Student: 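What follows is a single structure, and I will ask about it in a moment.
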Amino acid sequence: MTEKSDVSFIKVEKDVITTLTLCGNTDLNILHSSTMKQLNSILNDLHGEEDIRVLIITGQGSKSFCSGADIKELSDISDSLIDEYVKLGTETYDKIENFHCPTIAAVNGYAFGAGFELALACDIRFLAKSAKIGQPAVKHGLIPPFGGLRRLPQIVGLSKAKEIIFSAETFNSTECLKLGLVNRVYDDELLSEETIKFAENIVKNKSYSVNYSKNILNSLFHSDSHQEEMEKLAFCLRNSKTKEKLNSFFDK
């Protein structure tokens, strides 16, 4: 479905502060289903390891954190594989949200669609000043995937979430900070350094206190089921009008 040159993978730098870097052979760091499977497997391997106190997720290079799912893959996906794809993405993002220790998204560039949702699944989001993010799902005949319809209003409030989703607009770093989409904005060259500094501050605290606090905070806002969202996303992916819209993306 995807040309080999576009294939992405996850680089793991494991330590007390562990970093996962989405690496694409192009500079867009596209999140293919194969990359999603790798991310899911890595999270399984790392979950519960007490030596890991903070997990950072970022993108390779300076252009993109994650520019989203593979549009070509979605336009070509067979109906028989859609439910499996939706379930994989939803479970993977839930694993990030419920990871045993704090997670930080260091958003170093474009974060659109599934990349936008990847950042939302993290506990904290730091943004490079030049970065732009947004959720264009409805432009493509889709809905925000993988738990995004629950997470976004928890982060920015219901009315702002509707504004972001319905408009499908792209937001710069100043707008993201004002909306409450991100916690802090840093100059591009300082993002990684400042993210590590913040992670080091977390590590200074008692791990059980931090982790208990995260678990309780999450439980206060957690929805028991993504079933309706998953069903509606699968319906959109099967819709012929959506497939036409996804294919037209490459005509621009």
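Since the structure is predicted, the reported quantities are computational estimates derived from the model, not experimental observations.
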Student: Can you see which heavy atom on Ser64 is nearest to which on Asp27, and at what distance?
Tutor: CB-O, 3.4 Å

Student: Are there more than 12 heavy atoms of other residues, nucleotides or ligands under 6.0 Å from atom NZ of Lys95?
Tutor: yes

Student: How long is the straight-line distance from CG of Leu233 back to CZ of Phe146, given to the nearest 0.5 Å?
Tutor: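 So the CZ of Phe146 and the CG of Leu233 are separated by 6.5 Å.
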
Student: State yes or no: do Val107 and Leu191 share one hydrophobic cluster built from I, L, V, M, F, W and Y residues joined by side-chain heavy-atom distances below 4.5 Å, directly or via other members?
Tutor: no

Student: Taking 4.0 angstrom as the limit, do Glu229 and Lys232 come out as a salt bridge?
Tutor: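 Here Glu229 does not pair with Lys232 in a salt bridge, since their nearest N and O are not under 4.0 Å apart.
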
Student: Give a yes-or-no answer on whether the side chains of Ser33 and Glu73 include a donor-acceptor pair shorter than 3.5 Å.
Tutor: yes

Student: Calculate, to the nearest 0.5 Å, the distance between atoms CD and CD1 belonging to Gln135 and Ile143 respectively.
Tutor: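 The CD atom of Gln135 sits 10.0 Å away from the CD1 atom of Ile143.
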
Student: Please determine whether residues Ile196 and Tyr186 belong to a single hydrophobic cluster, defined as Ile, Leu, Val, Met, Phe, Trp and Tyr linked transitively by side-chain heavy-atom distances below 4.5 Å.
Tutor: yes

Student: Closer than 4.0 angstrom, basic N to acidic O: yes or no for Glu193 and Lys197?
Tutor: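 Looking at Glu193 and Lys197, the cut-off is met.
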
Student: Could you check whether Asp187 pairs with Lys129 (Lys NZ or Arg NE/NH1/NH2 to Asp/Glu carboxylate O, under 4.0 Å)?
Tutor: yes

Student: Evaluate the side-chain proximity of Lys132 to Phe171: yes if any heavy-atom separation is below 4.5 Å, no if none is.
Tutor: no

Student: Looking at Phe126, I'd like to know if its CZ atom is crowded, meaning that more than 12 non-hydrogen atoms belonging to other residues, nucleotides or ligands lie closer than 6.0 Å.
Tutor: yes

Student: If Ile, Leu, Val, Met, Phe, Trp and Tyr residues are connected whenever their side-chain heavy atoms lie under 4.5 Å apart, and connections chain through other members, are Val185 and Ile124 in the same group?
Tutor: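 Looking at the clustering, Ile124 is in a separate group from Val185.
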
Student: Report yes or no: does Ser41 contribute a side-chain atom to a donor-acceptor pair with the main-chain N or O of Lys37 at less than 3.5 Å?
Tutor: no

Student: Is it true that Asp45 and Lys14 have a side-chain N and a carboxylate O under 4.0 angstrom from each other?
Tutor: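 Salt bridge absent between Asp45 and Lys14.
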
Student: In terms of hydrophobic clustering (I, L, V, M, F, W, Y; side-chain heavy atoms under 4.5 Å; direct or indirect links), are Leu217 and Val156 co-clustered?
Tutor: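 Shared cluster, no.
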
Student: Which ILVMFWY residues can you reach from Tyr208 by hopping between side chains whose heavy atoms are under 4.5 Å apart?
Tutor: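 Hydrophobic cluster check, Tyr208: joined to Tyr212.
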
Student: Is there a side-chain contact between Ile30 and Cys66 in this structure, where contact means two heavy atoms from C-beta onward sitting under 4.5 Å apart?
Tutor: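 No, their side chains stay 4.5 Å or more apart.
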
Student: Going through the distances and angles, do Val182 and Ser173 end up as a side chain to side chain contact (heavy atoms under 4.5 Å, CB included)?
Tutor: CA-CA 8 Å; Val182 300; Ser173 58; over 6 Å; no

Student: Is any side-chain heavy atom of Leu118 closer than 4.5 Å to a side-chain heavy atom of Leu39?
Tutor: yes

Student: When rounded to the nearest 0.5 angstrom, what is the spacing between CD in Glu117 and CD1 in Ile96?
Tutor: 11.0 Å

Student: Less than 4.5 Å apart, any side-chain heavy atom of Leu179 and any of Ile164?
Tutor: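 A side-chain contact under 4.5 Å exists here.
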
Student: Would you mind checking if Asp83 and Lys87 are paired as a salt bridge, meaning a charged N to carboxylate O distance below 4.0 Å?
Tutor: no

Student: Could you give me the CA-CA distance, side-chain angles and deciding distance for Ile155 and Leu120, then say whether side chain to side chain contact (heavy atoms under 4.5 Å, CB included) is met?
Tutor: CA-CA 8 Å; Ile155 293 168; Leu120 293 190; 3.7 Å; yes

Student: Salt bridge check: are Arg150 and Glu97 linked by an N-O gap of less than 4.0 Å?
Tutor: yes

Student: Regarding Glu175 and Lys178, does a basic nitrogen lie under 4.0 Å from an acidic carboxylate oxygen?
Tutor: no

Student: Look at the side-chain heavy atoms of Ile, Leu, Val, Met, Phe, Trp and Tyr, link any pair under 4.5 Å apart, and say whether Ile133 and Leu152 land in one connected group.
Tutor: yes

Student: I'd like to know whether Ile104 forms a side chain to side chain contact (heavy atoms under 4.5 Å, CB included) with Leu55, so could you lay out the CA-CA distance, the side-chain angles of the two residues, the decisive distance to 0.1 Å, and finally the verdict.
Tutor: CA-CA 6 Å; Ile104 305 173; Leu55 181 70; over 6 Å; no

Student: Would you say that more than 12 heavy atoms from the other residues, nucleotides or ligands in this model lie under 6.0 Å from the CD of Glu189, or not?
Tutor: yes

